[in-house]
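This report refers to the structure that appears directly beneath it.
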2 protein chains.
Amino acid sequence: MYSSTACDVAVPSGSPHTAYQTFPIAPVDAPVDTPKRTVARCSTCSMRAICLPPSLTTAELERLDAIICTTRNVRRGEALYRGNDAFQSIYAVRVGSFKTVVIHRDGREQVTGFQIAGDAMGLDGVYAGRHSCDAVALEDSQVCIIPFGLLEVVCREVKSMQHHVHQMMSGEIVRESGLMMLLGTMSAEQRLATFLLNLSSRFKSRGYSASEFHLRMTREEIGCYLGMKLETVSRMFSKFQREKLVDTHGKQIRITNMEGLARV
Amino acid sequence: MYSSTACDVAVPSGSPHTAYQTFPIAPVDAPVDTPKRTVARCSTCSMRAICLPPSLTTAELERLDAIICTTRNVRRGEALYRGNDAFQSIYAVRVGSFKTVVIHRDGREQVTGFQIAGDAMGLDGVYAGRHSCDAVALEDSQVCIIPFGLLEVVCREVKSMQHHVHQMMSGEIVRESGLMMLLGTMSAEQRLATFLLNLSSRFKSRGYSASEFHLRMTREEIGCYLGMKLETVSRMFSKFQREKLVDTHGKQIRITNMEGLARV
DNA sequence: CGCAGATTTGACATTCTTCAAGCCCAGTGG
DNA sequence: CCACTGGGCTTGAAGAATGTCAAATCTGCG
């Protein structure tokens, strides 16, 4: 019923992102927190369409290559940054996935997002010069490091880059508004359906299967994102299973009735 | 028990914002939607400390005066902009207050914020070139109109302005994260307490009384913001009244036990 | 003064959480 | 190879929080 390969998601042949399936992760004994010089270049990156404006000239691309030249590997469960860490850079996920978590003094936690390959992280830190949340890897992952001060320099010189950064930040604002709507007005059932459809469309836009994928987060993390308890998440999955909307085997998900799920 | 003046909030004498109490609103017969040239100038605006970075030179201030030269009056209940309107400008509230509302196709509404004098609105529109929410005046209000394209030009030339805009956008991201935490993890009682304390500190930072103020929004709008029904909002107000944390007479609010409210 | 909308309050229904028990499954060590 | 173990997941029963519906005030404004 499910693919028996190591791949999490069905990758269409010829996908522009196939390369990411096999991107080399540093061996376990390498110091995982040290940025390392790599051959990573925006000009040849397959994620370019997501991270960069479409209209850059060759010269502009070279400017970017000059500032975004390091990547960092983060192992499952480790933090890329934590709340209150000094803000220096924003990050783009190259391989793997993360969750961002806001942690209140009293211990309450709220997952504010799940980031997959192509997503940006860290823009929250610009406001106070310190990060306002933790970014934790859900699996062994790799990010591009984009020093924000240098990015600001480029944005003052390249108009399309400037506007792209503004769109990224605004997009984050819009994304969070949608999440507030979800948390404020939807039932548990609708929240989970919306979550699955959102993941589905994001996988699809990155060339993966829209209907079959592997969740890297636990039921508890999903609940923490959707504002409900893990038991409720589990019950809703069971409900979708009974109603033949989704076929779940633990973290392996297959959406069998996309329209039905949207109608919930 | 409450001030009998027309003022909504107690204004400390010598407050830098006293002028806003009597800022002239256009007469009712004036076309309220037409931007009008005014003497509004950033260089002399009493809201400057909120809207602008602290370190601008005189020359830089003059550049701003040149682009932000119009204001607009919006009467109670009218929209400054609506979802899907083409995005041109962002706005700063000069007088009055607004709510921003995300409206889902199925009619669900979620209030994503209340903006008072000194707050910015409209940054959601940068992402798609269209606004993603409605901004509706809660009382007769006035905003500065800041054409975003021109602002981007200034930001490419004035580094401190660029960083300030980035901080504004990032601040909106952080603010919304906090709201997600509220919606995702707090009880109705905690949400209302947090809401009142947040309003209080914002009034205080603008020179108004932190303990006594007038709510411009209905119980329903508060509920729509906090993810609960208006009846629940009302019950929580009654509860705070019984517990002598807050003294409410309809929309007139006096916080009598700030620490108690924070401990909820 | 009298209406329309806003607010409060009570009674009851629903949803979600809490607590508890058991299952599943992958990794591990005998 | 297989039993063991721990984390993650599922499910049931009971209870708490919040929503729904309804009725009675209250309030601002024409």
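- Distance, H249(A) NE2 to dG8(D) C1': 17 Å, rounded to whole Å.
- When each of R242(B) and R76(B) is assigned the nucleotide of DNA chain C with its nearest heavy atom, R76(B) is the one assigned upstream, toward the 5' end.
- dC29(D) atom P lies 13 Å from atom CD of E139(B), rounded to whole Å.
- Atom CD1 of I222(B) sits about 12.5 Å away from atom OG1 of T232(B), to the nearest 0.5 Å.
- Residue E220(A) contributes atom CD, which lies 12 Å from atom P of dT18(C) at whole-angstrom precision.
- An OP1 or OP2 oxygen of dA6(C) is reached within less than 4.0 angstrom by no side-chain nitrogen or oxygen of S234(B).
- We find that NZ of K239(B) is positioned 13 Å from C1' of dA16(D), with the value rounded to whole Å.
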Point to revise | Contact letters for nucleotides 17-23 of chain D, in which S counts primed atoms plus P, OP1 and OP2 and B counts the base, heavy atoms under 4.0 Å | key: -SSBB--

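- The distance from atom CZ of R216(B) to atom P of dG5(C) is 20 Å, rounded to the nearest whole Å.
- Counting to the nearest Å, the C1' atom of dC24(C) and the CD atom of Q252(A) are 16 Å from each other.
- Between R82(A) and D134(A) there is a salt bridge, with a side-chain nitrogen of the basic residue lying less than 4.0 Å from a carboxylate oxygen of the acidic one.
- Between E139(B) and R76(B), no side-chain nitrogen of the basic residue sits less than 4.0 Å from a carboxylate oxygen of the acidic one, so the salt-bridge criterion is not met.
- Atom-to-atom, CD of Q190(A) to P of dT15(C) comes out at 11 Å; the value is rounded to the nearest Å.
- Note on R235(B) versus E231(B): no salt bridge recorded, every NZ/NE/NH1/NH2 to OD/OE distance being 4.0 Å or above.
- Atom OG1 in T194(A) sits 8.5 Å away from atom CG in L226(A) (nearest 0.5 Å).
- Considering only heavy atoms from C-beta on, Q110(A) stays 4.5 Å or farther from V101(A) through its side chain.
- Between L230(A) atom CG and dC16(C) atom P the separation is 15 Å, expressed in whole Å.
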